[in-house]
There are 2 protein chains.
Amino acid sequence: MNDDAMDLRARNKQATREAIGHAALRLAIEQGPHGLALVRVHDIATAAGVSPRTYNNYFSSREEAICAFQADQSKRAGQALRSRPADEPLGQAVVAAMIELYTNPEPDRAGLRMIMLTPELEGEALKAFSMAEGPLAEAIAARTGTDLRRDLFPAVTAAAVAGAIRVAGRHWLESADAGPFAAVLRHALSCVFAPGA
Amino acid sequence: MNDDAMDLRARNKQATREAIGHAALRLAIEQGPHGLALVRVHDIATAAGVSPRTYNNYFSSREEAICAFQADQSKRAGQALRSRPADEPLGQAVVAAMIELYTNPEPDRAGLRMIMLTPELEGEALKAFSMAEGPLAEAIAARTGTDLRRDLFPAVTAAAVAGAIRVAGRHWLESADAGPFAAVLRHALSCVFAPGA
DNA sequence: CGCACTATATGCGTGCCGCGCAAGTTGTGA
DNA sequence: TCACAACTTGCGCGGCACGCATATAGTGCG
């Protein structure tokens, strides 16, 4: 995670990936959800300062590049949960970890709009959010002392959490006066962990 | 739903869509998860008895065609829940409806393997399963008398249910001796509706 | 029944894209 | 300093999504 922990090659690689992803998302936002087809691979590569061929070494589709940021963020969900104190109840730990992960910093409205509300990006967006499920399920299993392969609880809970995050994002985008994302997210996650409510 | 309820055009259209989707999935299964690139659009169209251009009038990618069956099934989730008696508790109704929908008939192992375990299909597969969420959320909101736009509960629950169905499918595929899909599905859904367990 | 209208199927052409291949370039480790 | 490995880039090929124009088939009315 820390740059110092990687050698030069790994750092350059990560920097290039982020540059391409950032450029792709920025260009997509400029064209809006209805002009995605106008975002050419050549433009993304040029904006990121690499050749089109290099862009293709990192991503195999524009959609993947545009959603890379969300994907990378979701991949850290397991780590986020593990960083919570071990004696905290599962529900509280998950809520706190997800709020920490997804509201630090506060999400960019334009970027999230592009990713979640563009039909052509739907598949990649779902992929990006669902990338939290695997690591999350492992962390939940570790925390509850259950076996991932015998018990469905960790995987189902992880999927429910990922779904709640998606729903929270959509709701936060669609209602202008929903307040900070953290509040919406907490509300959504409470539906998962307090079913009687 | 019933063929008689549609005029000739609509019936032909549906038949063509199903023919293409069926051909696409069949050819994909023949090549296996690692040979997806070998399934050419031309082959799908020929196998379905239409021109490649017509195939493209129905689907805008091979992936979409291959997952069409799952997508169509998921779209019926709302209707399935609505067909349950109104006085049944939410959890029971959802479980019964989803088991009715997704185990009638028993899922085809090869087809589900192809759709869920092929990396290139991951996005479309997620899309296919998530298509249940909208209708399901509406049906849940109607059943619980809540407002979809004010309360996140229906949408979050729908997402959790869709996630549980996915997890159940994966688990059913990966463990050879998991018994009938209905049992696995019931187990997965119980994690959503009986959180204390 | 026959006719005007509309929806669907098909052929063709175009531009873009993903990726294999083979240099060229830059970091790495002894 | 040098040999090796990783990464970048240019080139070219096969394939695909889709617009447009045309042929065909279903529909509803007089």
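Note that these values count all heavy atoms, side chains included, but never hydrogens, waters or copies made by symmetry.
- For the atom pair B/Asp151 CG and B/Ile140 CD1, the distance stands at 11.5 Å (nearest 0.5 Å).
- Electrostatic pairing of B/Arg166 and A/Glu133 counts as a salt bridge here, judged by a charged N lying under 4.0 Å from a carboxylate O.
- Residues from residues 44-69 of chain A that place a heavy atom under 4.0 Å from any atom of DNA chain D, listed by number: A/Val50, A/Ser51, A/Arg53, A/Thr54, A/Asn57, A/Tyr58.
- Using a 4.5 Å heavy-atom threshold, the side chains of B/Gln70 and B/Leu112 count as touching.
- A heavy atom lying under 4.0 Å from DNA chain D marks none of the residues of residues 15-26 of chain B.
- Side-chain contact between B/His171 and B/Ser175 is present, with heavy atoms from C-beta onward closer than 4.5 Å.
- A donor-acceptor contact shorter than 3.5 Å links the side chain of B/Trp172 to the backbone of B/Gly179.
- Atom-to-atom, CG of A/Asp7 to P of D/dA5 comes out at 16 Å; the value is rounded to the nearest Å.
- Rounding to whole angstrom units, CG of residue A/Asn12 and P of D/dT8 are separated by 8 Å.
- For the pair A/His42 NE2 and C/dG15 C1', the interatomic distance rounds to 15 Å; values are reported in whole Å.
- With rounding to whole Å, B/Leu36 atom CG is found 15 Å from D/dG15 atom P.
- With rounding to whole Å, B/Glu120 atom CD is found 14 Å from C/dG18 atom P.
- Within 6.0 Å of CZ on A/Phe59 lie more than 12 heavy atoms contributed by other residues, nucleotides or ligands.
- Taking the side chain as every heavy atom from C-beta outward, A/His187 and B/Val156 never approach each other to under 4.5 Å.
- A straight line from CG of A/Leu38 to C1' of C/dG15 spans 13 Å, rounded to a whole angstrom.
- In the hydrophobic cluster analysis, where Ile, Leu, Val, Met, Phe, Trp and Tyr join through side-chain heavy atoms closer than 4.5 angstrom, A/Phe129 is grouped together with A/Leu185.
- Residue side chain B/Arg9 does not reach the base of D/dT27 through any donor-acceptor N/O pair under 3.5 Å, judged by distance alone.
- Between B/Lys13 and C/dA7 there is no side-chain polar atom (N or O) within less than 4.0 angstrom of OP1 or OP2.
- Of the inter-residue distances, the one linking B/Met114 atom CE with B/Leu117 atom CG reads 9.0 Å to the nearest 0.5 angstrom.
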